[in-house]
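Note on naming: letters A, B, ... go to the chains in the order of the sequence lines (proteins, then strands), and numbering restarts at 1 for each one.
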Number of protein chains: 2
Amino acid sequence: MPVTLKDVAAAAGYSVTTTSRALGGYDDVNEQTRERIITVARELGYQPNMLARQLQAQRAETIGLVIPQAAHQPDDDFFSLLMKGISYVASQHQFDLLISSQLTPQDELRAYQRIAGGRRVDGVIVARTMHDDPRIAYLQRNNYPFVVSGRSAPDEPDDFPFVDADSESGIRQVVAHFIDYGHEHIGFISSPPELAYTPYRLAGYQHALADADLPYREDYVAHGDMQQESGQKAAADLLARHPQMTAIVASNDAMAIGAMAAVQAAGKQVGVDMALGGFDDIPLARHITPDLTTVRQPIYRIGELVAEMLIQIINGEPPEQTGILLEPKLIIRASSGQPLAI
Amino acid sequence: MPVTLKDVAAAAGYSVTTTSRALGGYDDVNEQTRERIITVARELGYQPNMLARQLQAQRAETIGLVIPQAAHQPDDDFFSLLMKGISYVASQHQFDLLISSQLTPQDELRAYQRIAGGRRVDGVIVARTMHDDPRIAYLQRNNYPFVVSGRSAPDEPDDFPFVDADSESGIRQVVAHFIDYGHEHIGFISSPPELAYTPYRLAGYQHALADADLPYREDYVAHGDMQQESGQKAAADLLARHPQMTAIVASNDAMAIGAMAAVQAAGKQVGVDMALGGFDDIPLARHITPDLTTVRQPIYRIGELVAEMLIQIINGEPPEQTGILLEPKLIIRASSGQPLAI
DNA sequence: TTAAGGCTCCGAAACGTTTCGGATTACACA
DNA sequence: TGTGTAATCCGAAACGTTTCGGAGCCTTAA
């Protein structure tokens with residue numbers, strides 16, 4: 001039904017080859033012929049079949065991103081922002097973006113195989129890296145172009161291109177800031193152990209304490225799943241067990257906001273009786289009351305950088321540096337409260 | 001370099017046809033043969049080339065979405081939410097989502113032509129409809145499957161599948177709510193005239209006034225571009241010109257939040273000296289202080305419905321109803337303030 | 001007069017699948 | 001012995017492009 005090159009060729013009275021070359025701008029076709037062919041093509045409303053073209057060119061001009069189940073909450077900002085950064089850069093390079101949402105981790109790996117192995121995309125972006133991430137193993141093994149938003153865990157090789165914010169430094173900054181304010185009993189709400197950045201963030205907490213000669217107490221660390229509710233539960237738990245605690249740092253903003261609710265539910269006031277800090281600086285952090293002290297991770301920018309690197313790799317221009325570690329910035333807001341009187 | 005069906009066939013000692021049929025689960029191949037072929041395919045790490053498959057099947061199992069420049073602000077929630085709804089449903093039906101970000105409206109139309117005309121996707125979703133939208137004209141003319149998130153303007157035909165929230169009813173509800181609270185001088189920050197829903201929202205404002213026998217004053221209407229700053233400017237303008245104004249309704253939440261800033265800058269207090277209402281109920285509306293009275297438009301749900309309809313159409317099952325108009329829900333929050341004393 | 005070269009054009013192959021329409025073999029049955 | 005049938009396999013065409021390698025013709029120069 002759709003009009004093909006063959007139709008245009010027939011209507012114009014030339015071969016398919018010449019028609020293709022005329023439309024393609026080659027100079028071995030007579031100018032009048034070209035004009036005639038272009039006219040006919042336009043009249044017929046010819047649109048080249050991208051699939052056929054890509055198959056022949058062995059190139060899709062497309063990058064892929066697989067979105068995990070976990071990012072499906074309507075209020076998860078991380079992937080939305082990352083995607084905007086990616087798609088903006090992609091569009092500048094005339095690339096499209098293929099999104100494959102998947103509901104289970106197994107589906108996720110299969111999606112990468114289908115998409116990258118099936119040549120639907122020229123390269124993929126891997127986000128939310130896990131410990132021993134099978135996706136990275138697969139992509140490396142098959143030599144498919146990819147860039148990681150995130151990093152591998154400290155005990156793993158990181159011989160692949162990635163862009164990440166420095167988790168260790170980020171958490172260290174918030175904790176140091178609270179120590180600076182005079183806090184000595186600071187709780188930490190950690191992320192799930194399977195996430196690759198978890199050890200870095202925990203190390204940031206530990207190092208900040210060590211720098212100030214404060215003891216690291218394992219019972220000051222609670223665990224959440226990055227969702228708001230888990231932060232609330234973790235904070236409630238910490239408060240109940242350690243009434244002397246005056247500050248809590250969470251591994252991300254969502255959990256910090258959950259913690260806010262827990263603090264208020266315990267009859268304490270955030271920024272007065274209890275200092276609170278997060279990580280990410282999602283848009284909400286600025287708008288909630290009291291607004292949240294956090295560490296700004298430039299997610300949109302990371303998306304841009306990741307896409308930039310991937311397209312370079314696809315184009316056969318390996319980027320100068322394979323691993324980019326961005327320094328996150330401490331943003332002090334009302335949830336810090338005032339320095340404690342001594 | 002990648003392993004193809006031909007490689008598997010050669011390694012297994014069968015023809016390409018048999019190999020294809022073995023892998024495809026057809027019953028005219030001997031069970032032992034099938035097992036042998038499957039084993040070989042696995043050993044070689046065979047991944048079918050999706051492009052070739054799609055070309056042959058004349059079907060991409062993919063739906064397309066073009067993201068306009070306007071949605072590129074990191075804090076634009078609308079498209080992020082819509083996309084999550086779409087991609088969730090798409091994944092349930094084993095469809096992928098092709099995103100094409102475009103920077104100018106002309107590029108946008110070209111992107112639809114490339115994507116739909118070029119058979120990269122089986123159907124597309126059109127969002128943020130304009131007056132006399134050329135994308136809809138193009139898609140209709142070429143009989144490409146598509147569903148619109150939004151609606152055509154009141155003076156245009158709407159003989160195509162769409163899902164939209166009832167803009168007229170939504171704005172009417174907020175305005176009526178303020179009238180109910182005793183306000184008589186209510187301003188309106190309208191959306192740009194080229195957007196298809198603008199006349200509906202304006203009509204909602206007018207009808208609510210008429211229902212209460214309040215006069216419609218054209219100078220009570222300001223215009224914005226849906227961005228936060230424009231709402232701030234529009235509100236500042238209204239406040240300066242009409243000191244008697246006690247309430248402002250904006251065409252979307254972003255502009256209402258901008259208006260909040262303007263009201264505060266004018267030394268007035270939102271929810272006390274000035275009632276404020278928006279439209280959308282973006283996540284921020286709930287978290288800002290004071291939290292914003294608005295009309296909830298189920299964007300995520302609209303994305304789901306739109307995708308559901310599109311996939312039905314692609315599968316040749318025309319949906320029972322072509323136009324779905326969702327009733328938005330008034331959400332009363334602190335920015336409404338208290339009913340005025342009479 | 002002929003060879004060389006430039007200008008236009010085109011047939012066929014290739015990209016990697018799926019599918020249509022047989023072909024071959026073995027076996028049972030008349 | 002010949003025929004029908006089921007089981008198993010395969011060649012070739014098709015999807016719509018691009019590209020390789022030439023072919024034909026006309027002009028120019030030796």
Side-chain angles (χ1 to χ4, degrees), chain A residues 1-38 40-41 44-62 113-122 142, chain B residues 1-38 40-41 44-62 113-122 142:
Chain A
M1 186 61 67
V3 23
T4 76
L5 203 53
K6 207 198 295 188
D7 301 327
V8 177
Y14 289 94
S15 76
V16 170
T17 301
T18 301
T19 310
S20 172
R21 302 192 65 95
L23 262 21
Y26 286 76
D27 62 357
D28 67 344
V29 15
N30 183 287
E31 264 318 311
Q32 293 172 23
T33 309
R34 182 196 312 284
E35 278 165 27
R36 169 113 186 81
I37 289 178
I38 289 180
V40 171
L44 264 46
Y46 170 68
Q47 279 289 335
N49 183 311
M50 286 294 164
L51 294 176
R53 192 178 266 187
Q54 290 169 7
L55 174 61
Q56 138 77 30
Q58 297 284 73
R59 207 180 140 105
E61 307 282 330
T62 306
Q113 293 173 335
R114 189 165 46 84
I115 273 182
R119 306 286 150 172
R120 288 206 62 184
V121 300
D122 303 316
N142 291 87
Chain B
M1 187 60 65
V3 25
T4 75
L5 203 53
K6 208 198 292 189
D7 301 325
V8 178
Y14 289 95
S15 75
V16 170
T17 302
T18 301
T19 310
S20 171
R21 303 193 62 104
L23 262 21
Y26 285 77
D27 62 358
D28 65 345
V29 15
N30 185 287
E31 263 318 310
Q32 293 174 21
T33 309
R34 183 196 313 284
E35 277 164 28
R36 168 113 188 82
I37 289 178
I38 288 179
V40 171
L44 264 45
Y46 169 68
Q47 279 288 337
N49 183 311
M50 285 293 162
L51 294 176
R53 192 178 265 188
Q54 290 168 7
L55 173 62
Q56 139 76 30
Q58 297 283 74
R59 206 180 141 107
E61 306 282 331
T62 306
Q113 293 172 336
R114 188 165 47 82
I115 272 183
R119 306 286 150 171
R120 289 207 61 186
V121 299
D122 303 317
N142 291 86

Determine yes or no for a side-chain-to-main-chain donor-acceptor pair under 3.5 angstrom, with [X] supplying the side chain and [Y] the backbone.
X       : Y       : result
B/Thr33 : B/Val29 : no
B/Arg36 : B/Glu31 : no
B/Thr19 : B/Ser15 : yes

Interatomic distance where [atom1] belongs to [X] and [atom2] belongs to [N] [whole Å]:
X        : N      : atom1 : atom2 : result
B/Glu61  : C/dT17 : CD    : P     : 17 Å
B/Gln47  : C/dT17 : CD    : C1'   : 14 Å
A/Leu55  : D/dA14 : CG    : P     : 17 Å
B/Lys6   : D/dC10 : NZ    : C1'   : 15 Å
B/Leu5   : D/dG11 : CG    : C1'   : 15 Å
B/Tyr14  : D/dT8  : OH    : C1'   : 10 Å
A/Arg119 : C/dC15 : CZ    : P     : 14 Å
A/Tyr26  : D/dT19 : OH    : C1'   : 7 Å

Between A/Leu44 and A/Asp7, what is the shortest heavy-atom contact and its length?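 Closest approach of A/Leu44 to A/Asp7: CD2-O, 4.1 Å.
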
Between [N] and [X], is there an OP1 or OP2 to side-chain N/O distance shorter than 4.0 Å?
X       : N      : result
B/Gln58 : D/dG16 : yes
A/Arg53 : D/dT18 : yes
B/Ser20 : C/dT18 : yes
A/Gln56 : D/dC15 : no
B/Asn49 : C/dT17 : no
B/Thr18 : D/dC9  : no

Hey, which sits more toward the 5' end of DNA chain D by its nearest nucleotide, B/Ala57 or A/Arg21?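 It is B/Ala57 whose nearest nucleotide is closer to the 5' end.
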
Across the strands shown, which category fits B/Asp28 at heavy-atom distances under 4.0 angstrom: base, sugar-phosphate, nothing?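 Touches a base.
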
Have a look at A/Thr17 and say if it touches a base, only the backbone sugar-phosphate, or nothing, with a 4.0 Å heavy-atom cut-off.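 Base contact.
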
When rounded to the nearest 0.5 angstrom, what is the spacing between CE in B/Met50 and OG1 in B/Thr62?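 Going from CE on B/Met50 over to OG1 on B/Thr62, the span is 9.5 Å.
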
